[in-house]
Every structure is written in structure tokens, then in C-alpha cells.
**Q** 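Just dropping this structure here.
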There are 2 protein chains.
Amino acid sequence: MNEHVHTTSELTKNQALVMGALSQSDSPLSAYTILDHLRDDGFRAPLQVYRALDKLVEFGLVHRLESLNAFVACRHPGCDAHQAIAFMICETCGQVNEISDTSLAERLKQLASKAGFALKKSTVELRGICSNCQAA
Amino acid sequence: MNEHVHTTSELTKNQALVMGALSQSDSPLSAYTILDHLRDDGFRAPLQVYRALDKLVEFGLVHRLESLNAFVACRHPGCDAHQAIAFMICETCGQVNEISDTSLAERLKQLASKAGFALKKSTVELRGICSNCQAA
DNA sequence: GCAATCGTGTTATGAGATAACGTGACAAAC
DNA sequence: GTTTGTCACGTTATCTCATAACACGATTGC
Ligand SMILES: [Zn+2]
Ligand SMILES: [Zn+2]
Ligand SMILES: [Zn+2]
Ligand SMILES: [Zn+2]
């Protein structure tokens, strides 16, 4: 197995617990919400959650939503297109849709390069109402 | 004068003070940093800053940077292209470059529309190293 | 006058994140 | 086999960011 690809089986106990909490949820969770979910599993302090989250984000298994101060499990496991992610966040139901778009990523690269800016990470978060909630 | 366009002259005292603090700074400021800058002007509590910031953001004079939990004065005063903003944030010097790009905005609208998503607000924040800091 | 609205001031509290310390497990180096 | 380094883990305290709740005064429209 590729040493750079992290799967659930390679996670530590705490990382696996946090990953499980995020995977079961259909919307983003804050670190403190995760902590509450894991009290019965022995979690006592925020740092236990944050340390696991740091690693999970590093592994590409979890994304941080800056505009929500919350975290979601990646919906594209094993996908390497993670340079080009955008999130559509429904302000009604809270659900998040993760999309990967090459042309968007290209445009961001162009803009950065035109400004001589060495791009490391892109944050694209769209707020609005999802199709389900519009219909309702 | 157009009633929907807010200029500095229409601001309340607190709003003007906060706007002044942000305008003088060449990098984003947190609400609490602004508070510290304005203690001599009578500011005592965070809420005074946050209330002014809420209005300034509403007027389009100030932008909130989600990935920094900080605020910057808009560099395009009077410009109405504020549907399409992206920020390039230098992780070395902290300076922020605000850019407005139509083709980026179009692509975001396309993506949303394709998903039946009613787009309200876009957050695009690019992290990296600015050209000045690369040269140094 | 009187109600409605808005900006303001103050205190307390909630929510998000990290610093600083120490422990135990494990593997490489000697 | 002991030393050294690294890493995950646990705990406490602290820091930063943001809002709730309440009260006061000025302005406007009736
Ligand atoms: Zn992903
Ligand atoms: Zn929805
Ligand atoms: Zn602007
Ligand atoms: Zn720089």
C-alpha cells in the first residue's frame, strides 16, 4: 500500500473515533460538537479532538470549512483532485456539497500566477440554499 | 446622493472610528485588535467593534476574511463588482490583495446553477506567498 | 405626547482554539 | 540493552473570537 495514502485502517484510535463521528454526520460538525459525541468513548478535552482533526485534515480525509468553523468528512475518498475543491453550504438545512472543478482551479491558478503569488491553498465556500430546500 | 451608497461621511462616530482603524492598516485586523486601537477613543467592549463592523460589512466598505477571523477595508471604494471578490492572503507578511474577476464569478455561478443551488455569497480566499516576500 | 427605531454602553457568557506541561509506547542508533 | 528521538495521548489553564441580555438616549413620524 502506498505510504502516502491514509485509509481508515491506518488511523490511531482517537483519529478513528473523530473520523467516525464526522462520517456518520450528514452535515459539518464543530470540534466541540465532536467532543460531546465522543464523551462516552473517553474524550475529555478539546485538544484530543483538535489533534485528531489536524491529522485527518493533513491526510485529506477531512476538510475544514472556514466560514463555519466546522469540519466535514471528505466525500471523495481516495480522490487526488483535492487541489480544486469548492463547497456549497446550504444555509437552511446545513448540508454541504463538495465539488471538484478543474476549470475553477485553473482560473485560480491563473489569477495567482498573474499576481506573482505562490498559491498554497484555496478556500472556496459558496453560501446559499440547496435545491431540496428551495423546493420545500 | 444615492441613498444606497454609503460613504465615510454618512457613518456614525463608532463606525467611522472602526473604518479609520481598518483604512490605516495595511493588513487585516481582528475585532479585538481594533478594540485595542480605539481604547483612547472611548471604546471599552468588543460589542462596540462588532456592531460597527456588521454595518460596515453591510455597506460594502469592509470585508470579513473567514480564514483569518479578521477584517479589511475594501480597496475598491464605490465599486459595485463586489459579487466577484477573491482575496490573496500572504502567509509571510500578512498583506491581503483584493481582486475582482468576472470569469471566476461566472464559473461559480455556473457551478451553483448546475446544482440547482441558489447562490447568495461567495467566499474565495487564496493562501500563499506574495511576490514581494518571494523576492526577499 | 407617544410609539417605533436606531445607535450606543455595559456586563456576562458562550464558542472556538492553543499553550504548556507530563506520560507511555515504540523504533532507530549506539 | 540502554539511550535517544519521535509520536500519540491526557490534563489543566488560558487565550481568542463572538454574542446574549439589558438599559439608556436621540431621532423620527404620528
Ligand atoms: Zn474532499
Ligand atoms: Zn438545504
Ligand atoms: Zn471590496
Ligand atoms: Zn508577503
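Here is how names work: the chains are called A, B, and so on, in the same order as the sequence lines, proteins then strands, and each is numbered from 1. Just so you know, these numbers use all the heavy atoms, side chains as well, and skip hydrogens, waters and symmetry mates.
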**Q** Using nucleotides 7-9 of chain D, report all nitrogen or oxygen pairs with the protein that are shorter than 3.5 Å.
**A**
from: D:dC9; atom 1: OP1; to: A:Thr12; atom 2: OG1; distance (Å): 2.9
from: D:dC9; atom 1: OP1; to: A:Asn14; atom 2: N; distance (Å): 3.2

**Q** How long is the line joining CG of A:Leu47 and C1' of D:dG10, in whole Å?
**A** 9 Å
**Q** Tell me which donor-acceptor pairs under 3.5 Å the side chains of residues 13-23 of chain A have, and how far apart each pair is, sequence neighbours excluded?
**A**
from: A:Gln15; atom 1: OE1; to: A:Thr12; atom 2: N; distance (Å): 3.2
from: A:Ser23; atom 1: OG; to: A:Met19; atom 2: O; distance (Å): 2.8

**Q** Taking heavy atoms of chain B and a 4.0 Å limit, find me the 5'-most and 3'-most nucleotide of DNA chain C within that range.
**A** C:dG7 to C:dT11
**Q** Mind checking what makes side-chain contact (heavy atoms from CB on, under 4.5 Å) contact with A:Thr33, not counting sequence neighbours?
**A** A:Leu29, A:Ser30, A:His37
**Q** Suppose we screen for salt bridge (Lys or Arg N to Asp or Glu O under 4.0 Å). Which residues come up paired with A:Asp26, at least two apart in sequence or across chains?
**A** none
**Q** What pairs with A:Glu91 under salt bridge (Lys or Arg N to Asp or Glu O under 4.0 Å), at least two apart in sequence or on another chain?
**A** A:Arg127, B:Lys120
**Q** Just the table, please: protein N/O against nucleotides 14-18 of chain D N/O, every pair under 3.5 Å.
**A**
from: D:dC17; atom 1: OP2; to: B:Ser30; atom 2: OG; distance (Å): 3.4
from: D:dA18; atom 1: OP1; to: B:Arg64; atom 2: NH1; distance (Å): 2.9
from: D:dA18; atom 1: OP1; to: B:Arg64; atom 2: NH2; distance (Å): 2.3
from: D:dA18; atom 1: OP2; to: B:Tyr50; atom 2: OH; distance (Å): 3.0
from: D:dA18; atom 1: O5'; to: B:Tyr50; atom 2: OH; distance (Å): 3.4
from: D:dA18; atom 1: N7; to: B:Tyr32; atom 2: OH; distance (Å): 2.7
from: D:dA18; atom 1: N6; to: B:Tyr32; atom 2: OH; distance (Å): 3.0

**Q** Which pairs with one or both residues in residues 114-136 of chain B pass ring-ring contact (aromatic ring centres under 6.0 Å, His included), sequence neighbours excluded?
**A** none
**Q** Could you pull out the closest heavy-atom pair between B:Cys130 and B:Cys93, with the gap in Å?
**A** SG-SG, 3.9 Å
**Q** Could I get the full list of salt bridge (Lys or Arg N to Asp or Glu O under 4.0 Å) partners for A:Glu66, not counting sequence neighbours?
**A** A:Arg64
**Q** With sequence neighbours left out, write down each residue that passes side-chain contact (heavy atoms from CB on, under 4.5 Å) with B:Ser103, or none if nothing qualifies.
**A** A:Arg107, B:Asp101
**Q** Hydrophobic clusters here meaning ILVMFWY residues chained together by side-chain heavy-atom distances under 4.5 Å, can you tell me if B:Leu104 and A:Val124 are in one?
**A** yes
**Q** Hey, can you pull the donor-acceptor pairs under 3.5 Å for the side chains in residues 41-60 of chain A, sequence neighbours left out?
**A**
from: A:Gln48; atom 1: OE1; to: A:Arg44; atom 2: N; distance (Å): 2.7
from: A:Gln48; atom 1: OE1; to: A:Ala45; atom 2: N; distance (Å): 2.9

